[in-house]
Undergrad: 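There's a structure below that I have some questions on.
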Amino acid sequence: MTDVQQSRIAAGAMTADTAFRVRMRRLFGVLQGMASNPATVIGLVIIALMLVMAIFAPWLLEPNSPDPYQMPRDWGAVRKPPGTPGHPLGTTNEGGDVLYGVIWGSRTSLQLSLMVVGSTMIVGTIVGSIAGLVGGWVDEVLMRLVDVFLSIPELIFALAIAAVLGPSFGNIILALAVVLWVKYARIMRAQVLQIKQHDFVDAARVIGDSKLNIYLRDILPNAVTPVTVQATLDMGNVVLIGATLSFIGLSEAGIAEWGVLVSEGQAGIASGRWWASTFPGLMIFLWALAFNLVGDGLRDALDPRTEGR
Amino acid sequence: MRAAVAPQADDLILSVREVKKHYPIREGALQRVVGHVRAVDGVSFDIRRGETVGLVGESGCGKTTLGRVIAALADPTDGGVHYSMDGEMRRIDRLEGKAAQTFRRNCQMVFQDSFASLNPRHLVIDLVGRPLKVYNEAASADLVERVVELLEQVGLGRQHLFRYPHQFSGGQRQRISIARALALNPEIIVLDEPTSALDVSVQAQILNLLNDLQKERNLAYLFVTHDLSVVRHMADRLVVMYLGKVAEAGETQAIFDSPHHPYTRELMAAKPDLEAEANVEIRGLEGTVPDPARPPQGCRFHTRCELATSACGWEIDDIVRWLEDAPGMFEHLVGVERTSEFAAELAFDNEEAAGLLSMAVRSEQVPEAMRAAMRRLNLDGTKVEIEFEDVGEVELTVRDDGRMAACVLTPEEVASWKNS
């Protein structure tokens, strides 16, 4: 191998490295933008704590066997107030440990929001992209379908689907996924329609790049910002709607899920047993709040008017 | 109509033949087509190796659309752009496979807005290296060297490889666009107002750069611009467009010395000439560009032309347009029943308004040429019957000096007006 070849290979390695560092610096800039907003930082801290709680749940509280997502029942200690030995946050009417529900409920919520947001984002992005790219009657048909979905209130629609499918946590996930993909489809279509008008798409066509490459390299990366923001906001909203459905009994009873716990505890509030509903309710509130704060912060940090100019 | 004699095939790159680009206007819930915007309405010219053709006209004349058709970004509605390949002229919208690729590589484009035409998420190395990657011309280490070479040719360098477009000035960004266009070593580059968004001093630098690159690489340019002063020193030949048609075409210097079309003359006068004496009154084109969905009859420029004669295609639309600015008449107009573009019966709701119109069109309130073109004028109660001379479209024709213009007047007649 000649010296020239060697130095060229070295140059190649160096470039890949430099390009990577420059791109990281840009990502870091977005994070920095978010960090400069105190509300966003509070949201990020709450989310971090929730994640730690979800990940380390088995070490924080011994998992119930055989199914750790079922509430352990201590029939010897029903309706105990917070501070009871062994039950720091008290117990429910059926002897369920509220602390267990709070901690393992974070795993349930994470599962719910990740599955719903993940699937709806992918489906919505694909449908919206096809509608925006293909246009014509394909666009027309897809968007009228989206209109139908959007004309029914989210909660009522999800409730109807979950009710038809029967009460189970899995069905709540399914119901929410069916209801929520349309938002992403609409956002994505609008983005694609707008971005495909940009000169840089024409510039790529003049070079002769393939349609797939133009979509993947020019359209998609420039379209994902609002989708990402919506996904972050939905991470919180999904738990809120899911808890509502659980609350009205569309989830199976007895699982460690915040909405189910609020529902179980609400009967006791009038008799002064506030704890069984309040702690899981607080968790739902914090979860939804945190993701909304971060979503708003992300929107500001990614704002095209400030980003990259 | 065919433009001029077919040039020799060996130095010809592109031949634009009767290209039309019409956009449908849709209306209502059923999206019925109610008309067409005739953005480009039958344009022909050639581009030869190493030359610069300036495509000039006001905004809305169709020059950018035509540029896009030539760069194969849009398909023509009618006619075609022919590309010289292996000694044969082939229509670019019918090329397939390898032939399409050959054309694609050889015809590049630089856009007006350098910010919009560079993907904001790509680094310079991605932007300029992309054409090379698409055709597998260079891989990692080689790619860097090739991109650096290209950057150096446009006055940038290695230090710019890993920057985003927003980190550059407008002039530098346009240099990046030019480097990208050069990457595949094309025969021709369509320059769509490449300097319009730049400061005058930067404009000059970019124009010089384009000049140097052309000499080095024997490039052909199609320089699309509204600014005649920019192409004056760049273009070998000019094609002046008005409302989708060619008004005048020929050697740049000859056109500047004596424009054969009043529109060209007005366009030149609309720009302050720095070389001329100071205090020269800057004249501009008066009036607005007519609706390209309903272009005027005869000569499309007759509605704004100071030299218009009775043979220029006066029509009912001219009367209606004039009425729109005529208080005391327009609000009483209740109907226009056309028998053709040139003849109609205008109905008013009272006899007075009808009488006013028939008097007005006989008086100096309307252009003399319009009056002269009127074959019939009949006042019948509340109705006014008007008929103009039926005039066909004014075609682009070869003049005595070999240049082409679409005007009913002779070059001498246009020139004499210029001097008066």
Side-chain angles (χ1 to χ4, degrees), chain A residues 1 4-27 29-30 135-137 140 194-225 302 304-309, chain B residues 31 68 71-74 100-135 138-145 147-148 158 161-167 176-177 180-181 183-184 186 189-190 192:
Chain A
M1 202 183 275
V4 175
Q5 276 173 322
Q6 257 168 355
S7 73
R8 284 207 167 178
I9 287 166
M14 193 195 73
T15 23
D17 187 48
T18 319
F20 179 74
R21 268 192 289 128
V22 173
R23 289 196 180 92
M24 281 301 113
R25 211 177 303 150
R26 186 189 179 107
L27 184 68
V30 173
W137 66 267
E140 204 63 34
Q194 189 215 331
I195 290 162
K196 85 177 177 178
Q197 302 293 323
H198 274 63
D199 281 351
F200 60 74
V201 173
D202 281 336
R205 287 175 61 202
V206 167
I207 289 166
D209 215 345
S210 67
K211 282 181 179 166
L212 182 67
N213 259 341
I214 291 174
Y215 173 69
L216 292 177
R217 286 172 57 76
D218 295 304
I219 298 177
L220 194 60
N222 284 293
V224 289
T225 299
L302 292 174
R305 278 168 301 185
T306 55
E307 186 201 13
R309 289 250 175 184
Chain B
Q31 292 290 290
R68 290 174 56 85
L73 284 173
Q101 214 179 62
T102 306
F103 170 72
R104 199 54 297 165
R105 297 181 55 145
N106 275 302
C107 178
Q108 290 296 307
M109 185 158 175
V110 172
F111 297 82
Q112 173 175 8
D113 184 345
S114 62
F115 198 89
S117 62
L118 299 173
N119 188 330
R121 285 169 200 274
H122 288 184
L123 297 169
V124 170
I125 182 164
D126 303 326
L127 292 162
V128 178
R130 187 164 177 184
L132 300 171
K133 274 189 190 161
V134 168
Y135 297 98
S140 64
D142 253 356
L143 185 78
V144 179
E145 294 314 310
V147 170
V148 170
R158 191 180 291 271
L161 277 174
F162 301 103
R163 295 196 195 160
Y164 288 103
H166 69 261
Q167 294 169 302
I176 297 170
S177 291
R180 173 172 63 185
L184 295 169
I189 301 180
V190 176
D192 184 11

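Each chain gets a letter, A, B and so on, in the order the sequences are listed, and its residues count up from 1. As the structure is a prediction and not an experimental result, all values here were calculated from the model.
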Undergrad: Kindly indicate whether the side chain of B/Gln101, heavy atoms from C-beta on, has any atom under 4.5 Å from the side chain of B/Tyr135.
TA: yes

Undergrad: Heavy-atom cut-off 4.5 Å, strictly under: side chain, backbone, both or neither for B/Arg68 against chain A?
TA: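 Answer is side chain: those atoms of B/Arg68 sit under 4.5 Å from chain A.
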
Undergrad: Does some side-chain heavy atom of B/Arg121 sit less than 4.5 Å from a side-chain heavy atom of A/Asp218?
TA: no

Undergrad: Can you spot which of B/Ile176, B/Val124, B/Leu118 makes a side-chain contact (heavy atoms from CB on, under 4.5 Å) with B/Pro165?
TA: B/Leu118

Undergrad: For B/Ala72, which atoms come within 4.5 Å of any heavy atom of chain A: side chain, backbone, both, or neither?
TA: backbone

Undergrad: So do B/Cys107 and B/Val190 actually touch side chain to side chain, heavy atoms under 4.5 Å?
TA: yes

Undergrad: For the candidates B/Ala100, B/Ala71, B/Pro131, which exhibits the highest count of non-hydrogen atom pairs separated by less than 4.5 Å from chain A?
TA: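 Counting heavy-atom pairs under 4.5 Å, the top option is B/Pro131.
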
Undergrad: Would A/Arg217 and B/Asp126 pass as an ion pair if we require N to O under 4.0 Å?
TA: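 No salt bridge links A/Arg217 with B/Asp126.
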
Undergrad: I'd like to know if the side chain of B/Arg130 and the backbone of A/Ala204 have a donor-acceptor N/O pair within less than 3.5 Å.
TA: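 No.
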
Undergrad: Looking at B/Leu123, B/Val110, B/Asp113, which has the largest count of heavy-atom pairs under 4.5 Å with chain A?
TA: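 Among the listed options, the one with the most contacts to chain A is B/Leu123.
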
Undergrad: Using a cut-off of under 4.5 Å on heavy-atom pairs, state which of B/Lys133, B/His122, B/Arg163 scores highest against chain A.
TA: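 Answer, by heavy-atom pair count under 4.5 Å with chain A: B/His122.
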
Undergrad: Quick one: of B/Met109, B/Arg180, B/Gln108, B/Arg104, who has the most non-hydrogen atom pairs under 4.5 Å with chain A?
TA: B/Arg104

Undergrad: So which part of B/Arg105 gets closer than 4.5 Å to some heavy atom of chain A, the side chain, the backbone, both or neither?
TA: neither

